[in-house]
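Structure first, then comments.
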Amino acid sequence: MDKILIIDDNSGIVSALEILLSLHDLQPLCAITPQAGLQLLRENRDISLVIQDMNFTADTTSGEEGRELFFAIREINPDLPIILLTAWTQLEMAVELVRAGAADYLGKPWDDNKLISTIVNLLELGELQKRQRASQQQAMNARSELREKFDLRNIIYRSDNMQKLLEMATQVAKSDVPVLITGPNGAGKEKIADIVQANSLLRDGPFIKVNVGALPEELMEAELFGAEPGAYTGAGNKAREGRFEAADGGTLFLDEIGELSASGQVKLLRVLQTGEFQRLGSNQTRKVKVRVISATNSDLPKSITEGNFRQDLYYRLNVIELRLPPLCERPEDIAPLAISFLGENSNPKKLSPQALTAMTRYQWPGNVRELQNVMQRASVLCQEDTIDEAVLALPEQPVTEKVDVSFEPSRELLQQTLASCNGIIAQAARELGMSRQALYRRLEKHGISY
C-alpha cells in the first residue's frame, strides 16, 4: 500500500482523510503539527505523497506556516508530490507554491472523488518518474563505466544509440578483423576509427590514415601500395613507400573507401586475404600485417549492383559494420557537443534557450562538422555573453515528406529553459513553442520537477 502523510491540525479533517484513504487501499500516516509531520517523513522514507494544511495556529490565515512546511518537506525529499489544502484566503500563496513545485492545491471542503483522482494520478506519475530516473541513472552509470574501462578519445555524447555504438566499437577493437564504419559525412567516422584503434592490441603500433577520396586516381595505388622509381610520370628516381608498408604492425584507416579505383580494389582484396601486395611497377611481393579500418558515406551495396564496387571486397571489409547515426537521429548529443565546441574558446559563451530550441529543431545535414562550424562562427559574431537564435543564423529547411518537422525537446533543453524562465511554465512553454499541456507532458515524461 502507498503511504500518504497527512499534516493538519484539525482532527476532524485528519479523520475524514484517514477514512477516505483507507477506503481506497491507501495507508494514511497522520500528524497534527508540522514538526510531527516532518519527523514522520524522516522516519518513513517510503512515503509516496503528502497532503498538508496551510495554517496551524489559531486565527492565522496567511499561509506562511504552510509555506515553511512545504519547503521543509522539499529539503527532506525534493521529489515528493505535495497536495496543499487551502481556504480561499490562501489561494495566492497556494499558486506561488504550485509554481515552486507543489503538485496541486484543493480548497476546503474538498471533493472526495477529485482528491482521490488527483492522488492516484500523482502516484502513477511518481512511479513513472521513479522508473525514468532509474533508467537515466542506469544510462549514466553505463556511460561512466564505459569511459573508465576504455579510451573513448574524449568523445562527447549522451544518446543511447551512441552508447550502443561505442559499446560495440570497444568490443570489436580487441580483434584484428576488418571494420567498416558507415555514416554520413561530418558525423564523426574518423573519431570512431580512433576509438577502435586506441582500444586495440595494436594501439602502440603505427596508425596511418588515408582519405581515399582525396587522392587523384592515378596516384591512389602508389599512395596505398608504394611505387618503384619511374613507375609513373613524375615518380622520380626514388622508390616510394606506400601506406600499407608504413602501417605494418599497426592499423590503416581508409576513409571514403567507396572511391577506390577498380585496380586498387583488386590489390586491396589481395592484401586483406593474404597480407601480400606489390608496389606499382614491381614484381616483388611484399608482406605486411595490417589491421584495416575503412569508412564510407556511400551506399556500397548499391555500388555493387551498379558494378562500381567489388562484392567480395565488400564482404572482406564488412566483417564488422559500425553504423554511425547522423546527428539528427541523436538530438540528445546536440547540446553537449555545442557546449563543448564553445568551451574550446578562451572566453566561452552560453546558448540561450531559444538558440538551443532552434538547434534541436534543425536537421543538421552537415552533422557534427556543421555544428562545430556554426558554434565557431557564432562565437566570433556574438557581441554578448549569450548566443541567441538570430546569431546562429541557421538556414531555412524545406519541408519534405522525408523531414520530420515535429519537435521533441531533450531533457537538457527542458531543464535549461525552465531554469532561464525561473520555473514559470507559461513562459517556458512560449520559449519552446508549445502549449503548457504539451510542456507538462514532456516534463512528466522526463521526470523533471516543476
Side-chain angles (χ1 to χ4, degrees), residues 1-130 423-426 436 440 443-444 449-450:
M1 297 174 66
D2 288 296
K3 290 182 180 180
I4 311 296
L5 175 59
I6 304 166
I7 310 175
D8 198 302
D9 64 331
N10 188 318
S11 58
I13 288 178
V14 171
S15 297
L17 287 172
E18 194 172 7
I19 294 171
L20 177 64
L21 296 175
S22 299
L23 290 173
H24 290 83
D25 295 325
L26 299 169
Q27 181 181 348
L29 300 178
C30 306
I32 60 173
T33 66
Q35 294 75 18
L38 294 173
Q39 185 60 33
L40 280 173
L41 191 59
R42 294 186 187 98
E43 295 172 353
N44 297 268
R45 291 291 182 171
D46 56 346
I47 287 174
S48 302
L49 183 143
V50 174
I51 302 174
Q52 71 154 84
D53 193 12
M54 293 295 292
N55 294 291
F56 296 89
T57 303
D59 300 324
T60 299
T61 59
S62 67
E64 282 296 332
E65 292 173 312
R67 187 177 186 277
E68 291 180 9
L69 175 59
F70 171 82
F71 285 109
I73 293 172
R74 271 282 179 267
E75 287 185 8
I76 297 173
N77 188 339
D79 299 319
L80 192 63
I82 302 172
I83 296 177
L84 309 173
L85 288 181
T86 174
W88 66 271
T89 50
Q90 294 100 44
L91 183 58
E92 184 176 343
M93 177 71 73
V95 171
E96 176 192 337
L97 295 184
V98 167
R99 288 177 176 171
D104 205 349
Y105 65 88
L106 296 176
K108 298 178 181 178
W110 61 85
D111 179 280
D112 285 353
N113 291 330
K114 181 179 179 181
L115 176 57
I116 290 298
S117 176
T118 299
I119 291 173
V120 170
N121 289 338
L122 288 173
L123 291 177
E124 291 177 352
L125 176 59
E127 184 61 31
L128 175 62
Q129 291 173 341
K130 188 185 300 182
I424 301 174
I425 295 294
R436 284 181 295 174
Y440 279 128
L443 294 176
E444 292 168 0
S449 299
Y450 56 88

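Every heavy atom of this structure was used, including side-chain atoms; hydrogens, water molecules and symmetry mates were not. Values in this document were obtained by computation on a predicted structure and should not be read as measured data.
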Counting only N and O atoms by type, is there a donor-acceptor contact under 3.5 Å from the side chain of [X] to the main-chain atoms of [Y]?
X	Y	answer
N10	I13	yes
Q27	S22	no
S117	N113	no
R74	L69	no
N55	T57	no
E18	P28	no

Using side-chain contact (heavy atoms from CB on, under 4.5 Å) as the criterion, point out the one residue from [options] that pairs with [X].
X	options	result
I4	I51, I47, V50, L17	I51
I7	I82, I73, D53, L29	I73
T118	V120, L122, N121	L122

Find the distance between [atom1] ([X]) and [atom2] ([Y]) and round it off to the nearest 0.5 Å.
X	Y	atom1	atom2	value
E96	F70	CD	CZ	9.5 Å
L20	L115	CG	CG	6.0 Å
L26	L49	CG	CG	9.0 Å
I76	F71	CD1	CZ	14.0 Å
R45	K3	CZ	NZ	12.5 Å
I119	S48	CD1	OG	11.0 Å

Determine, step by step, whether R67 and L97 satisfy the side chain to side chain contact (heavy atoms under 4.5 Å, CB included) criterion, reporting the C-alpha distance in whole Å, the side-chain angles of both residues, the deciding distance to 0.1 Å, and the verdict. CA-CA 7 Å; R67 187 177 186 277; L97 295 184; 3.9 Å; yes
Can you list every pair that meets salt bridge (Lys or Arg N to Asp or Glu O under 4.0 Å) and has a residue in residues 4-16, with sequence neighbours left out?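 Of all non-adjacent pairs touching residues 4-16, those that pass salt bridge (Lys or Arg N to Asp or Glu O under 4.0 Å) are D8-K108.
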Scan the side chains in residues 31-42 for donor-acceptor partners under 3.5 Å anywhere in the protein, sequence neighbours excluded, and list what turns up.
residue: T33; atom: OG1; partner: A36; partner atom: N; Å: 3.1
residue: Q39; atom: NE2; partner: E43; partner atom: OE2; Å: 2.9

Kindly determine whether Y105 and I83 satisfy side chain to side chain contact (heavy atoms under 4.5 Å, CB included), including the steps that lead there. CA-CA 5 Å; Y105 65 88; I83 296 177; over 6 Å; no
Quick one, L21 and I6 - any side-chain contact, counting heavy atoms below 4.5 Å?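 When only atoms from C-beta onward are counted, I6 and L21 do touch, with a gap below 4.5 Å.
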